[in-house]
Asks: 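Sharing a structure here in structure tokens format.
The shown structure was predicted, so the numbers you read here are calculated from the model rather than taken from an experiment. Side-chain atoms are counted along with the backbone in the values below, which use heavy atoms only and exclude waters and symmetry mates.
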Number of protein chains: 2
Amino acid sequence: MRLSTKGRYGARIMLDLALHYGQGPIPLKDIAERQQISEKYLEQIITVLKIAGLVKSIRGVHGGYILAKPPAKINLGQIIRILEGSIAPVECVDEPDICPRAEFCVTRDVWKEIKRAVDGILKSISLKDLVEREKEKNRARI
Amino acid sequence: MRLSTKGRYGARIMLDLALHYGQGPIPLKDIAERQQISEKYLEQIITVLKIAGLVKSIRGVHGGYILAKPPAKINLGQIIRILEGSIAPVECVDEPDICPRAEFCVTRDVWKEIKRAVDGILKSISLKDLVEREKEKNRARI
DNA sequence: ATAATTCCTATAGATTTAGTAGAGAAAATA
DNA sequence: TATTTTCTCTACTAAATCTATAGGAATTAT
């Protein structure tokens, strides 16, 4: 039931961009330094987010990345789904056809409940919420 | 965020044993056939459950496995934790020391929320509950 | 021109997953 | 006691996934 580094880092990248929203493009180098993640690896992750339309890029000097929408319009569910694929704990939840017992399977019902719960939490938390939490929690450090 | 086959199969094995609770030892061969899982692989999984004290084994002819406790006293949380390790979506939830930012990290707070939710669901569902669901759902097939 | 950036493609070691294989040990039963 | 049925234990392995690293091409501001 682990999230890979893509999902984890992705969430942190997006929060970082949200914290600097309105300050123009943020170069990957800065994010990498603040988040202590290899720039090259970040690049791969943010490319996926870009293709999905959650961030925009500006090339060249003074370039970087910005959120494609205001922080309130992006939630964690979108980010995680893009980077990790479905959040269902087992494949048959989304694709019942892969298993002949899907229709009758009570364990599958449990996995569905879990998916619904996780989905609900992730959808309910926007980047704006995270920014507010961050400011509240770490007032002294910012 | 996927469960491995160990957790999935483990849940099905335990449900199978719960459905036959009170009928004496159930040989692995039978479970393997009903659940369509390789007997040899099942063996590895059930061994872990045995070491953890959730099932007992009886050797020899008419041997097999039985639940070590009544179905009402075993919940899915125990089964999954034994087979998959912690259900936390990221390691830092359980072991904050591995990450220097753990204390201030708002994304970690989200992962904690998710863990709590999943944990709650799994703990709340006992094998007895699953047996009842199975009987209700598949009355015609049993 | 130069420097700072993103963009694109390829590679690769480590770990995990999902099994397979085979011989050994215990118990029931004929 | 010989046989059969079952669990027990140890080892192996192919494939996939994870977690990056590397290098150069393209773009833009100054």
Side-chain angles (χ1 to χ4, degrees), chain A residues 1-13 17 20 23-33 35-52 54-68 80 83-86 89-92 98-99, chain B residues 1-13 17 20 23-33 35-52 54-68 80 83-86 89-92 98-99:
Chain A
M1 284 290 285
R2 285 280 152 89
L3 221 50
S4 78
T5 50
K6 287 193 182 171
R8 306 209 298 269
Y9 292 175
R12 276 163 56 191
I13 293 167
L17 288 176
H20 298 88
Q23 301 176 19
I26 310 296
L28 257 195
K29 200 181 140 203
D30 294 6
I31 304 177
E33 225 163 78
Q35 302 297 328
Q36 307 267 66
I37 306 171
S38 131
E39 203 180 328
K40 281 297 192 182
Y41 194 33
L42 276 198
E43 193 186 302
Q44 281 180 41
I45 295 169
I46 209 164
T47 297
V48 179
L49 295 167
K50 192 200 155 184
I51 291 168
L54 291 193
V55 303
K56 286 182 193 167
S57 62
I58 294 98
R59 284 179 153 200
V61 179
H62 298 148
Y65 293 90
I66 54 175
L67 296 181
I80 299 302
L83 293 171
E84 302 269 340
S86 162
V90 315
E91 213 184 344
C92 65
I98 62 163
C99 179
Chain B
M1 283 292 286
R2 286 280 153 90
L3 222 51
S4 79
T5 50
K6 288 193 181 171
R8 306 209 298 270
Y9 292 175
R12 276 162 57 192
I13 294 167
L17 288 177
H20 298 87
Q23 301 175 19
I26 310 296
L28 255 197
K29 200 180 143 204
D30 294 7
I31 303 177
E33 227 162 77
Q35 301 298 328
Q36 307 266 65
I37 306 171
S38 133
E39 202 180 327
K40 280 296 192 182
Y41 194 31
L42 277 198
E43 191 186 300
Q44 281 178 40
I45 296 169
I46 209 165
T47 297
V48 179
L49 295 167
K50 191 199 157 186
I51 292 169
L54 291 192
V55 304
K56 287 182 194 166
S57 62
I58 294 98
R59 284 178 157 201
V61 177
H62 298 147
Y65 293 91
I66 54 174
L67 296 183
I80 299 302
L83 293 171
E84 301 270 340
S86 162
V90 314
E91 213 183 345
C92 64
I98 61 163
C99 180

Asks: Any idea which heavy atoms bring A:Pro25 and A:His62 closest together, and the distance?
Replies: CG-O, 3.6 Å

Asks: If you round to the nearest 0.5 Å, how far is CG of B:Leu49 from CG of B:Leu67?
Replies: 10.0 Å

Asks: Please confirm whether the shortest side-chain N or O distance from A:Thr5 to OP1 or OP2 of D:dC18 is below 4.0 Å.
Replies: no

Asks: Find the distance B:Tyr41:OH to D:dC7:C1' and express it as a whole number of Å.
Replies: 19 Å

Asks: Indicate, yes or no, whether a donor-acceptor pair under 3.5 Å links the base of D:dT21 to the side chain of A:Gln44.
Replies: yes

Asks: Roughly, in whole Å, what's the span from OH in A:Tyr9 to P in D:dC18?
Replies: 14 Å

Asks: Which heavy atom of A:Lys29 sits nearest a heavy atom of A:Glu39, and at what distance?
Replies: CG-OE1, 3.7 Å

Asks: Show the nearest heavy-atom pair for residues A:Leu28 and A:Ile46, with the distance to one decimal.
Replies: CD2-CD1, 4.2 Å

Asks: Which heavy-atom pair separates A:Val55 from A:Tyr65 by the least distance, and what is that distance?
Replies: CG2-CD2, 4.2 Å

Asks: Do you know the tightest heavy-atom contact between B:Glu91 and A:Arg2?
Replies: CG-NH1, 3.9 Å

Asks: Would you mind classifying the nucleic acid contact of A:Lys50 as base, sugar-phosphate or nothing, using non-hydrogen atoms under 4.0 angstrom?
Replies: sugar-phosphate

Asks: In whole angstrom, what separates A:Ile45's CD1 from D:dC18's P?
Replies: 12 Å

Asks: Ignoring hydrogens, what is the shortest heavy-atom contact between A:Leu83 and A:Lys6? Give both atom names and the distance.
Replies: CD1-O, 3.3 Å

Asks: Would you kindly give the CD1-to-C1' distance between B:Ile31 and D:dT6, to the nearest whole Å?
Replies: 12 Å

Asks: Rounded to whole angstrom units, what separation is found between the CD1 atom of A:Ile46 and the P atom of D:dA20?
Replies: 17 Å

Asks: Mind checking which nucleotides bracket the chain A contacts on DNA chain C, 5' to 3', with an atom under 4.0 Å from a heavy atom?
Replies: C:dA3 to C:dA10

Asks: Under 4.0 Å between a side-chain N/O of A:Ser38 and OP1 or OP2 of D:dT21, yes or no?
Replies: yes

Asks: Just by modelled atom types, is the A:Gln35 backbone N or O under 3.5 Å from a matching donor or acceptor in the A:Arg12 side chain?
Replies: yes

Asks: Please report the distance, rounded to the nearest Å, between CD in A:Glu91 and P in D:dA16.
Replies: 14 Å

Asks: On DNA chain C, nearest-nucleotide positions of B:Ser4 versus A:Thr47: which is more 5'?
Replies: A:Thr47

Asks: Of A:Gly64 and B:Lys6, whose nearest nucleotide on DNA chain C comes first from the 5' end?
Replies: A:Gly64

Asks: At under 4.0 Å between heavy atoms, how does the protein contact nucleotides 24-30 of chain D? Give one character per nucleotide, 5' to 3', with B, S or -.
Replies: B-BBBBS

Asks: So, is B:Ser57 near the phosphate of D:dT6, with a side-chain N or O under 4.0 Å from OP1 or OP2?
Replies: no

Asks: Whole-Å distance between D:dT5 P and B:Lys29 NZ?
Replies: 8 Å

Asks: Could you check whether any side-chain heavy atom of B:Lys50 comes within less than 4.5 Å of a side-chain heavy atom of B:Lys56, counting everything from C-beta outward?
Replies: no

Asks: What is the distance from CG of A:Leu42 to C1' of D:dT19, rounded to the nearest Å?
Replies: 12 Å

Asks: To the nearest 0.5 Å, tell me how far B:Arg8 CZ sits from B:Ile80 CD1.
Replies: 10.5 Å

